[in-house]
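Starting from 1, each residue takes its place in the sequence as its number. Since this is a predicted model, take the numbers as computed values, not measurements.
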Amino acid sequence: MTEAKEAILLVGGKGTRLRPLTVHTPKPMVPAAGVPFLTHQLARARAAGVEHIVLATSYLAEVFEPYFGDGSSLGLHIEYVTEQEPLGTGGAIRNVAAKLSSGPDEPVLIFNGDILTGLDIRALVASHNDSGADVSLHLTRVEDPRAFGLVPTDATGRVTAFLEKPQTPEEIVTDQINAGAYIFRRSVIDTIPEGRPVSVERETFPGLLASGAHLQGMVDSTYWLDLGTPQAFVRGSADLVLGRAPSPAVPGRCGDRLVLETATVAADAKLTGGTVIGAGAVIGAGARLDGSTVLADAVVEEGAVVTDSLIGAGARIGPRTVLSGAVIGDDAHVGADNELREGVRVWCGATLPDAAIRFSSDQ
């Protein structure tokens, strides 16, 4: 079997929906289960036999290489290509093609930098080889496909159409969606136009289909999560810690909590639901954290209750404050006795005084 020895990882997005997490940090570098999210993807690619990965970078491109270097610490050879102007998914793939050494018919793995998945990469490669496809797509099934591109297939798994974000019931002809991982025959990458923005979803794939190319879909319904929103990112990190989402890169055993070595947690603090406490962070007496992520050097003071929330690096949460589904930016300070509920975001460096926001008990 021909293994995919090379991969392209698309990590150029601005992560706008994830702000304030992505103000200072590109989305793939935001920590999930104690390490930058990208680490989990690189480790899973390596475990599937990939040896050479090209990172297609754009937003805050300068932070990737100082962290990962040449990739040797992960057993990989990593190279970096930075877009000067955003080129879209297809344009980004074409822009890094010169770095690949695979032969024309060899498989190249391509995946998005914001998807957490249990995809069996070797199975996708095997399916690609067996079907003789030009491009193979990982498909997953979702209950409500309206926010995604639908990819119907025939009885043999061959893709028959690409339907972008359907709205009416008549348009929803399948629950299969494009899950953001592909195997390209190397020669197909060179057919993508060079030097301009191209969307694989809207231009490349429909164009290939129209020209008679063989596009194969493999439905893999293991764990899959788009980490595009803060709530999804927190969920994904917790699922990694709990072992629901597989990764060889979680720095510790799977369980209810992950506390990095230099963190300090009070003896009577309670950490559950896949909560992560970052390096140098401090958790005060009687604090309760469930399904949450506390990044490096943040402080959660005594009696605070934090649920399904993310607390940025260097931030401080005051005594008895309640957070539920909230995102606190880096170096923000939320004073004592506040109550921040679903979807609230506190910007990086902002200060919220004591008892500034409360909800009445009858709500």
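Cluster membership for Ile53 and Phe184, using ILVMFWY side-chain heavy atoms within less than 4.5 angstrom, is not shared. The cluster map of Ile, Leu, Val, Met, Phe, Trp and Tyr, joined by side-chain heavy atoms under 4.5 Å apart, puts Val11 and Val23 in different clusters. Placement of Val219 and Phe162 within a single hydrophobic cluster is found when ILVMFWY residues are connected by side-chain heavy-atom separations under 4.5 Å, directly or transitively. Hydrophobic clustering (ILVMFWY, side-chain heavy atoms < 4.5 Å, transitive): Val250 and Leu271 are in distinct clusters. Each of Leu42 and Leu227 belongs to its own hydrophobic cluster when Ile, Leu, Val, Met, Phe, Trp and Tyr are linked at side-chain heavy-atom distances under 4.5 angstrom.
The shortest side-chain heavy-atom distance between Thr117 and Tyr223 does not fall under the 4.5 Å cut-off. By the 4.5 Å heavy-atom criterion applied to side chains, Leu215 and Thr160 are not counted as neighbours. Two residues are said to be in side-chain contact when any heavy atoms from C-beta on lie closer than 4.5 Å; Ile357 and Leu352 meet this criterion. The shortest distance between side-chain heavy atoms of Arg235 and Leu225 falls below 4.5 Å. Residues Pro104 and Arg185 have side chains not in contact (no heavy-atom distance under 4.5 Å, counting atoms from C-beta outward). Put simply, the side chain of Val81 reaches to within 4.5 Å of the side chain of Val54, judged on heavy atoms. Put simply, the side chain of Asp114 does not reach to within 4.5 Å of the side chain of Phe233, judged on heavy atoms. Side chains of Phe111 and Leu9 form a contact here, defined as non-hydrogen atoms less than 4.5 Å apart.
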Problem set entry | Worked verdict on Ile283 versus Thr264 for side chain to side chain contact (heavy atoms under 4.5 Å, CB included) | CA-CA 6 Å; Ile283 308 299; Thr264 304; over 6 Å; no

For this session: Go through the steps for Ile93 and Leu10 under the test side chain to side chain contact (heavy atoms under 4.5 Å, CB included), then give the verdict.
Result: CA-CA 8 Å; Ile93 292 166; Leu10 304 174; 3.9 Å; yes

For this session: Assess whether side-chain hydrogen bond (donor to acceptor under 3.5 Å, both in side chains) is satisfied between Thr140 and Gln176, documenting all intermediate values.
Result: CA-CA 5 Å; Thr140 193; Gln176 295 175 180; over 6 Å; no

Problem set entry | Step-by-step side chain to side chain contact (heavy atoms under 4.5 Å, CB included) determination, Met29 to Phe64 | CA-CA 8 Å; Met29 295 299 289; Phe64 292 95; 3.7 Å; yes

Exercise. Can you list the steps and then say if Leu119 with Met218 is a side chain to side chain contact (heavy atoms under 4.5 Å, CB included)?
Worked result: CA-CA 10 Å; Leu119 167 69; Met218 186 188 87; 3.8 Å; yes

Problem set entry | Worked verdict on Thr57 versus Thr82 for side-chain hydrogen bond (donor to acceptor under 3.5 Å, both in side chains) | CA-CA 5 Å; Thr57 66; Thr82 301; 2.9 Å; yes

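The structure places CG of Leu109 at 11.0 Å from CD of Glu6, a figure rounded to the nearest 0.5 Å. Once rounded to the nearest 0.5 Å, the distance linking CG of Leu163 with CG of Asn178 reads 12.0 Å. Here the straight-line distance linking atom SG of Cys254 with atom CG of Asp239 works out to 10.5 Å at 0.5 Å rounding. One finds the CZ atom of Arg320 at 6.5 Å from the CD atom of Glu302 (value rounded to the nearest 0.5 Å). Atoms OG1 and CG, on Thr272 and Leu242 in that order, are 9.5 Å from each other to the nearest 0.5 Å. Summarising the geometry, atom CD1 belonging to Ile177 is positioned 11.5 Å from atom CG belonging to Leu137; distances are rounded to the nearest 0.5 Å.
With hydrogens and angles disregarded, a donor-acceptor distance shorter than 3.5 Å links the side chain of Arg94 to the backbone of Ile192. Although no hydrogens or angles enter the test, the distance criterion places a donor-acceptor pair under 3.5 Å between the side chain of Ser292 and the main chain of Asp308. In this structure a side-chain-to-backbone donor-acceptor pair under 3.5 Å is present from His138 to Asp220. Remark: side-chain polar atoms of Asp175 are not paired, donor with acceptor, to backbone N or O of Val142 under 3.5 angstrom. Side-chain atoms of His77 never come within 3.5 Å of backbone atoms of Asp70 as a donor-acceptor pair (strictly under, hydrogens ignored). Side chain of Thr153 to main chain of Arg158: no donor-acceptor pair is present (N/O by atom type, distance under 3.5 Å, no hydrogens or angles). Glu65 contributes no side-chain N or O that, together with a main-chain N or O of Val63, makes up a donor-acceptor pair within less than 3.5 Å. No donor-acceptor distance shorter than 3.5 angstrom exists from the side chain of Ser131 to the backbone of Gln216, with no hydrogens or angles considered. A donor-acceptor pair under 3.5 Å links the side-chain atoms of Asp120 to the main chain of Arg122, judged by distance alone. Remark: side-chain polar atoms of Ser309 are not paired, donor with acceptor, to backbone N or O of Val306 under 3.5 angstrom.
Residues Thr89 and Glu201 have side chains that bring a donor and an acceptor to within less than 3.5 angstrom of each other. Using a 3.5 Å distance cut-off with no hydrogens or angles, the side chains of Thr307 and Asp290 do not pair a donor with an acceptor. A side-chain donor-acceptor contact under 3.5 Å links Glu342 and Ser324. Using modelled atom types and a 3.5 Å distance limit, the side chains of Glu339 and Thr321 yield no donor-acceptor pair.
Across Ile328, Val322, Ile317, a single residue satisfies side chain to side chain contact (heavy atoms under 4.5 Å, CB included) together with Leu340, and that is Ile328.
Of all heavy-atom pairs between Val50 and Ala7, the closest is CG1-CB, 3.9 Å. Across all non-hydrogen atoms, the minimal contact from Gly312 to Asp330 is CA-OD1, 3.4 Å. When every heavy atom of Gly252 is checked against every heavy atom of Leu258, the shortest pair comes out as CA-CD1, 4.3 Å. Here the shortest heavy-atom pairing between Gly69 and Tyr80 reads O-OH, 2.6 Å. Between Pro107 and Glu3, the shortest heavy-atom contact is CG-O, 3.7 Å. Summarising the geometry of Leu87 relative to Ala92, their closest heavy-atom pair is CB-N, 3.8 Å, with the distance given to 0.1 Å.
Salt-bridge check for Glu106 with Arg186: failed, with every basic side-chain N at 4.0 Å or more from each acidic carboxylate O. Salt-bridge formation is detected for the pair Arg196/Glu203: a Lys NZ or Arg NE/NH1/NH2 atom is positioned less than 4.0 Å from an Asp or Glu carboxylate oxygen.
For Arg288, the CZ atom is loosely surrounded, since the number of other residues' heavy atoms within 6.0 Å does not exceed 12. Heavy atoms from other residues, nucleotides or ligands lying under 6.0 Å from CD of Glu261 number 12 at most.
The salt bridge (charged side-chain N to carboxylate O under 4.0 Å, His left out) test applied to Arg19 returns no partner, not counting sequence neighbours.
For Tyr182 and Phe205, the distance between ring centers is under 6.0 angstrom.
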